[in-house]
Visitor: 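Have a look at this one before I ask anything.
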Amino acid sequence: MNAPTRGAWLRAGISRNDGPLQENEHVVWLQIDAYYADSRGFAGITTYDGERVRFHHDVGEPGEDAGTLERSGDRMIEKGVNPDGSTFLEVWTPLPDSEGACGSWRVGPAQIVRVGRHVVHVDDVRGSYFELPADVTA
């Protein structure tokens with residue numbers, strides 16, 4: 001399946017190189033149209049070649065990862081390969097409050113993506129996740 005055109009996702013777990021599924025950090029991925037930001041510290045655009053989704057790291061941590069996405073109920077299962085050749089399987093769950101305003105902005109060495117109340121800011125130093133208050137509508 002192609003990358004979702006809009007989504008706010010919380011990682012529920014990751015398996016590296018066929019290891020056990022685990023989670024030890026709070027990771028958020030936001031996607032709007034072709035633009036994405038990942039709170040781990042990379043952002044850019046996604047492309048789809050008919051088989052694999054590629055996440056081009058244009059801001060923050062350099063690189064590119066590629067994989068497949070499939071739905072499993074309301075979850076998203078991502079399987080792929082990192083730039084160093086290691087494999088991963090990530091399980092993503094949808095975040096609530098992702099309706100409403102959205103967009104992506106690139107300013108200098110930073111990219112910001114907003115989906116509803118969720119915002120991820122990535123620059124050349126780090127990625128940061130913010131949840132806007134419920135009364136913010138624009």
Visitor: For Ala37 versus Ala43, what's the shortest heavy-atom pair and its separation?
Guide: CA-CB, 3.8 Å
Visitor: Rounded to the nearest 0.5 Å, what separates atom CD in Glu64 from atom OG1 in Thr47?
Guide: 6.5 Å
Visitor: Identify the residue among Val27, Val28, Leu69, Leu10 that makes a side-chain contact (heavy atoms from CB on, under 4.5 Å) with Trp92.
Guide: Val27
Visitor: Would you mind listing every salt bridge (Lys or Arg N to Asp or Glu O under 4.0 Å) that reaches into residues 73-85, with sequence neighbours excluded?
Guide: none
Visitor: Identify, with sequence neighbours excluded, every residue that meets ring-ring contact (aromatic ring centres under 6.0 Å, His included) alongside Phe88.
Guide: none
Visitor: Are His26 and Ser39 linked by a side-chain donor-acceptor pair shorter than 3.5 Å?
Guide: no
Visitor: Kindly give the cluster partners of Leu21, where membership spreads through any ILVMFWY side chain lying under 4.5 Å from a current member.
Guide: Ile77, Leu89, Val91
Visitor: Can you name the closest pair of heavy atoms from Arg6 and Glu99 and give their distance?
Guide: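 Distance-wise, the nearest heavy atoms are NH2-C, 3.4 Å.
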Visitor: Under 4.5 Å between any side-chain heavy atoms of Met76 and Arg71, yes or no?
Guide: yes
Visitor: Above 12 or not: heavy atoms from other molecules or residues under 6.0 Å from CG of Asp18?
Guide: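 Not buried by this count: 12 neighbours or fewer within 6.0 Å.
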Visitor: Angle between ring planes, His57 versus Phe42, binned at 30° and 60°: parallel, tilted or perpendicular?
Guide: parallel
Visitor: Clusters formed by hydrophobic residues whose side-chain heavy atoms approach within less than 4.5 Å: which one holds Val81, and what are its other members?
Guide: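 The other cluster members (ILVMFWY side chains, heavy atoms under 4.5 Å, direct or chained): none.
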Visitor: When you measure from the side chain of Arg52 to the backbone of Gly80, do you find a donor-acceptor pair of N or O atoms at a distance under 3.5 Å?
Guide: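 Pair absent, no side-chain N/O of Arg52 close to backbone of Gly80.
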Visitor: The criterion is salt bridge (charged side-chain N to carboxylate O under 4.0 Å, His left out); which residues satisfy it with Glu61, sequence neighbours excluded?
Guide: none
Visitor: Within the 4.5 Å heavy-atom criterion, are Arg114 and Leu132 side-chain neighbours or not?
Guide: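 Of all side-chain heavy-atom pairs linking Leu132 with Arg114, at least one is under 4.5 Å.
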Visitor: Compare every heavy atom of Ala12 with every heavy atom of Thr93, then report the nearest pair and how far apart it is.
Guide: CG2-CB, 4.0 Å
Visitor: If you group Ile, Leu, Val, Met, Phe, Trp and Tyr by side-chain heavy-atom gaps below 4.5 Å, do Tyr36 and Trp9 land in one group?
Guide: yes
Visitor: State, to 0.1 Å, how close Arg106 and Gly44 come at their nearest heavy-atom pair, and which atoms those are.
Guide: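 For Arg106 versus Gly44, the nearest heavy atoms are NH2-CA, 4.0 Å.
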Visitor: Is there a donor-acceptor pair closer than 3.5 Å between any side-chain N or O of Asp33 and the backbone N or O of Tyr35?
Guide: no
Visitor: Are any non-hydrogen side-chain atoms of Val115 and Gln31 less than 4.5 angstrom apart?
Guide: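 A side-chain contact under 4.5 Å is absent here.
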Visitor: Does Arg117 offer a backbone N or O that forms a donor-acceptor pair with the side chain of Glu131 under 3.5 Å?
Guide: no
Visitor: Let me have the donor-acceptor pairs involving side chains of residues 118-125, under 3.5 Å, with sequence neighbours excluded, atom names and distances please.
Guide:
residue: His118; atom: ND1; partner: Tyr129; partner atom: OH; Å: 2.7
residue: His118; atom: NE2; partner: Pro96; partner atom: O; Å: 2.6
residue: Asp123; atom: OD1; partner: Val125; partner atom: N; Å: 2.8
residue: Asp123; atom: OD1; partner: Arg126; partner atom: N; Å: 2.9

Visitor: So do the side chains of Gln22 and Arg16 get within less than 4.5 Å of each other, counting heavy atoms only?
Guide: no
Visitor: In terms of hydrophobic clusters joined by side-chain contacts under 4.5 Å, are Leu30 and Ile32 together?
Guide: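 Yes.
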